[in-house]
Each structure stands twice: as C-alpha cells, then as structure tokens.
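Input: a single structure, listed below in structure tokens.
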Amino acid sequence: MSIDSTWLRCPNCFHDLEPISDRVLGCALGHRFDLAKSGGVTLLPPRAPRTLGDDRRMLEARSDLLESGAYAPIVDTLAEAGGRRVLSRQSSLRIADLGCGTGYYARELSAAVDGGSVLLADRSATAVRMAVRAVPRATGVVLDLWRPLPLRDASADIAINVFAPRNPPEFARVVRPGGLLLVVVPSASHFIELRRMGAALDVPDGKAELVTAQFAGVGFAASQTTRVEYRLTTDARMRELLVDMGPAARHHIDGGSRPDASGELFVTVSVDVVALRRA
C-alpha cells in the first residue's frame, strides 16, 4: 500500500490530511478516511452526486486498446512536452493525472520524465484500482473532478488531463507556479470514419482553442498545441475497443449503432495536446 499524504487535503474542511495509522488518514478537525485494501482512498465531498465514473467494461476496453500501442503517438507527445517544458529541478517531478482512467498515460509519462511521486485521481473506484496496479507506489484517490479537489495547493509539477473533465480553477490551484498542465482533447477529425457509420459521437470543432481560453482566465499561459493525427488499420475487434473505451459505449448500450463487424478499416486518430504553463 502506498499513500503519499503530501498530496492530500480533507474534502470536508480543506485542512491537510496526515496518516493517523497504517490504514487511516485524518485532519486536524477530526475527519477520518480509511484506506482501501487496493491501496487508494476515497475523498468525496459531502453530499457528492451519486455518479460512478467509467465502468469496468469501458476501462477494460481502454486497457486492451492502450496496451496494444494504438495510442503510443499520443503518449510520446505528452512525454516530449513534459520533458521539454518543465523547469529544471533537483528532485524528481510530482505528477498528477486528473482523470487517470487505467493509469496508462501517468505510467508512461512518469517513466519518460523521471517522475517521483505520482497521484492518480478519478471518480471511478474501478479506474483507481486499475491505475494503482499499473503505477507502483502511486497514490490513488477517488474524487469528483467537478468539485473542489481534496488536493493541496501547488502540489503538482506536472498535471495531465486526458479525455477527462476539466476544472480550471481547481487545476490552477493544484499546479505549482511555473508548473505544467497537459490537456488532451479530440479534434473534429477524431474517429471520423466511425462517426460516419454512426458508431461514435460527434466532436465539436475548436476544442483546443476552448481549452486555451478556459485556462487563460485562471492563470495559465498557452505554451504550445500539438496536433497528433494518424490512421490506424483496424479489424473488427479493434473497432469494438475504440468504441467501448469511451462515452460512445453508453450510447450503444442504449441502442446506438455498432461498428461494421467485418473487414479492415482505416480509422483516423486525431487529438490536440495542449501545453499550458502556470503563471
């Protein structure tokens, strides 16, 4: 079990959390939080909405797809952006994955840039369990990205947010001055072939520009936006994984179209990696 409490604050009163015992974290006002057997901790605010995040089917599809190397160009671009733009430091970098999913991106980025303490945060308890297994010695937290985060001020050197909800004011509070936020969003060309088949959801144009504008208002300066675009040669199985690993999976469960079950098809992967520097 690995919990680095220097990341954490109480979701109730926002005081720092510290170890009370081997399996309990607590704050100065007496709030207590048990550590899960899987190695993470749930830090949801009072009266948190009863949302569950991504389910096991979506996460297993995502894991199979990512571990196949299909998204390797995206993680390579993340690693390049992180390694090139983080200010020189004597100690290892503190990396927060806000919306961690299976932990794939945090694992690869940490290995590429000499990551030290790694935080894996997601609303899905299943995702956090999978991510903690993927990134040894990481701190896993079940939290609500839409609410005030149970994370300390200026606790991250690098934060990543890959196909996940964004909370600009809270991300600005958590990333240290001079630190880096890397946001990955789909472009309008992403999965365009699957969308023409009715098997994937539409993506509005200009998402990278929207992200830049959102974060400019809370103290982030645009550093660079990199388009990553390539074509995957997919068989029926890979197309199922591409659909099932994201929000379109819920649409199909509700009666939406499935991708064509036969033959090979080129599918466009097109995303923007937006690098933002904290002022």
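Given the structure is predicted, the values throughout are model-derived calculations rather than measurements.
Qualifying side chain to side chain donor-acceptor pair (under 3.5 Å) partners for R278, counting only residues two or more places apart in sequence or in other chains: none.
Contact check on R23 versus D34 returns no salt bridge, with no Lys/Arg side-chain nitrogen under 4.0 Å from an Asp/Glu carboxylate oxygen. Ion pairing between D4 and R137 fails under the 4.0 Å rule for side-chain N and carboxylate O. A salt bridge does not link D272 with K207: none of the charged nitrogens is closer than 4.0 Å to a carboxylate oxygen. Between D54 and R123, no side-chain nitrogen of the basic residue sits less than 4.0 Å from a carboxylate oxygen of the acidic one, so the salt-bridge criterion is not met.
The main-chain N or O of L151 is never found under 3.5 Å from a side-chain atom of S155 such that the two would form a donor-acceptor pair. Side chain of E170 to backbone of L149: a donor-acceptor contact under 3.5 angstrom is found. Under a 3.5 Å cut-off, the side chain of R147 and the backbone N or O of P11 do not form any donor-acceptor pair. Checked by atom type and distance alone, the side chain of S68 pairs as donor or acceptor with a backbone atom of L65 at under 3.5 Å.
Between V203 and P186 the shortest heavy-atom distance is CG1-O, 3.7 Å. For the residue pair L180 and A275, the shortest heavy atom distance occurs at CD1-CB, 4.4 Å. Of all the heavy atoms in L109 and L78, the pair that sits closest is CD1-O, 3.8 Å. Taking all atoms of both residues into account, the shortest heavy-atom contact from T268 to E229 is CG2-CG, 4.0 Å. Between A134 and P136, the closest heavy-atom pair is O-CD, 3.4 Å. The minimum heavy-atom distance between F215 and P168, with the atom names listed, is CE2-CA, 3.4 Å.
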Quiz prompt | Check against side-chain contact (heavy atoms from CB on, under 4.5 Å), L265 and M197 | solution = CA-CA 12 Å; L265 177 71; M197 298 163 56; 3.8 Å; yes
Quiz prompt | salt bridge (charged side-chain N to carboxylate O under 4.0 Å, His left out) assessment of E193 paired with R196 | solution = CA-CA 5 Å; E193 297 84 0; R196 287 169 179 161; 5.3 Å; no
Exercise. Given side-chain contact (heavy atoms from CB on, under 4.5 Å), test L276 with V211 step by step and report yes or no.
Key: CA-CA 10 Å; L276 302 155; V211 166; 4.2 Å; yes
Quiz item: Run the salt bridge (charged side-chain N to carboxylate O under 4.0 Å, His left out) check on R94 and D157 step by step: do they pass?
Solution: CA-CA 5 Å; R94 292 171 61 89; D157 297 310; 5.5 Å; no
Quiz item: Given the rule in the side-chain hydrogen bond (donor to acceptor under 3.5 Å, both in side chains) test, do S187 and S270 qualify, once you have shown the distances and angles that lead to the verdict?
Solution: CA-CA 6 Å; S187 83; S270 181; 2.5 Å; yes
Exercise. Before giving the answer on side-chain contact (heavy atoms from CB on, under 4.5 Å), spell out for L66 and T102 the whole-Å C-alpha distance, their side-chain angles and the decisive distance to 0.1 Å.
Key: CA-CA 9 Å; L66 294 175; T102 66; 3.9 Å; yes
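Taking the side chain as every heavy atom from C-beta outward, L8 and V141 approach each other to under 4.5 Å. Side-chain contact between F33 and V24: absent, with no pair of heavy atoms (C-beta onward) separated by less than 4.5 Å. Taking the side chain as every heavy atom from C-beta outward, M238 and L232 approach each other to under 4.5 Å. Contact of the L145 side chain with the R166 side chain is not registered, since no non-hydrogen atoms from C-beta on lie closer than 4.5 Å. Looking only at side-chain heavy atoms (C-beta outward), L119 and D97 stay at 4.5 Å or farther from each other. In this structure, the side chains of V185 and F163 stay at 4.5 Å or more apart for every pair of heavy atoms. In this structure, the side chains of V228 and V273 come closer than 4.5 Å at one or more pairs of heavy atoms. A 4.5 Å side-chain heavy-atom check between E67 and R62 finds every atom pair outside the cut-off.
One hydrophobic cluster, built from ILVMFWY side chains closer than 4.5 Å, cannot hold both F171 and F14; they sit in different ones. Following chains of ILVMFWY side-chain contacts shorter than 4.5 Å, one can reach L17 starting from I3, so the two form part of one hydrophobic cluster. Cluster membership for V243 and V162, using ILVMFWY side-chain heavy atoms within less than 4.5 angstrom, is shared. Hydrophobic clustering of Ile, Leu, Val, Met, Phe, Trp and Tyr side chains at less than 4.5 Å, counting indirect connections, keeps L35 apart from I20. Residues V75 and L242 are members of one and the same hydrophobic cluster, defined by side-chain heavy-atom contacts under 4.5 angstrom among Ile, Leu, Val, Met, Phe, Trp and Tyr.
If you take CG on L59 and CG on D244, they are separated by 11.5 Å, rounding to the nearest 0.5 Å. Separating the SG atom in C13 from the CG atom in L29 is a distance of 4.0 Å, to the nearest 0.5 Å. Between Y105 atom OH and Y71 atom OH the span is 6.0 Å, to the nearest 0.5 Å. If you take CZ on R9 and CD on E18, they are separated by 14.5 Å, rounding to the nearest 0.5 Å. To the nearest 0.5 Å, atoms CG (L181) and CG (L98) are separated by 7.5 Å. Of the inter-residue distances, the one linking L25 atom CG with L43 atom CG reads 7.0 Å to the nearest 0.5 angstrom.
Under a cut-off of 6.0 angstrom, the local environment of CZ in R32 is crowded, with over 12 non-hydrogen atoms contributed by other residues, nucleotides or ligands. Atom CG of D153 sits in a crowded spot, with more than 12 heavy atoms from other residues, nucleotides or ligands closer than 6.0 Å. Other residues, nucleotides and ligands contribute at most 12 non-hydrogen atoms within 6.0 Å of the CZ atom of R231.
In this structure, R152 fails the cation-pi test against W7, since its NZ or CZ atom is not both closer than 6.0 Å to the six-membered ring centre and inside 45 degrees of the ring normal.
Each of E240, E264, R239 was evaluated against T234; a single residue qualifies, R239, per the side chain to side chain donor-acceptor pair (under 3.5 Å) test.
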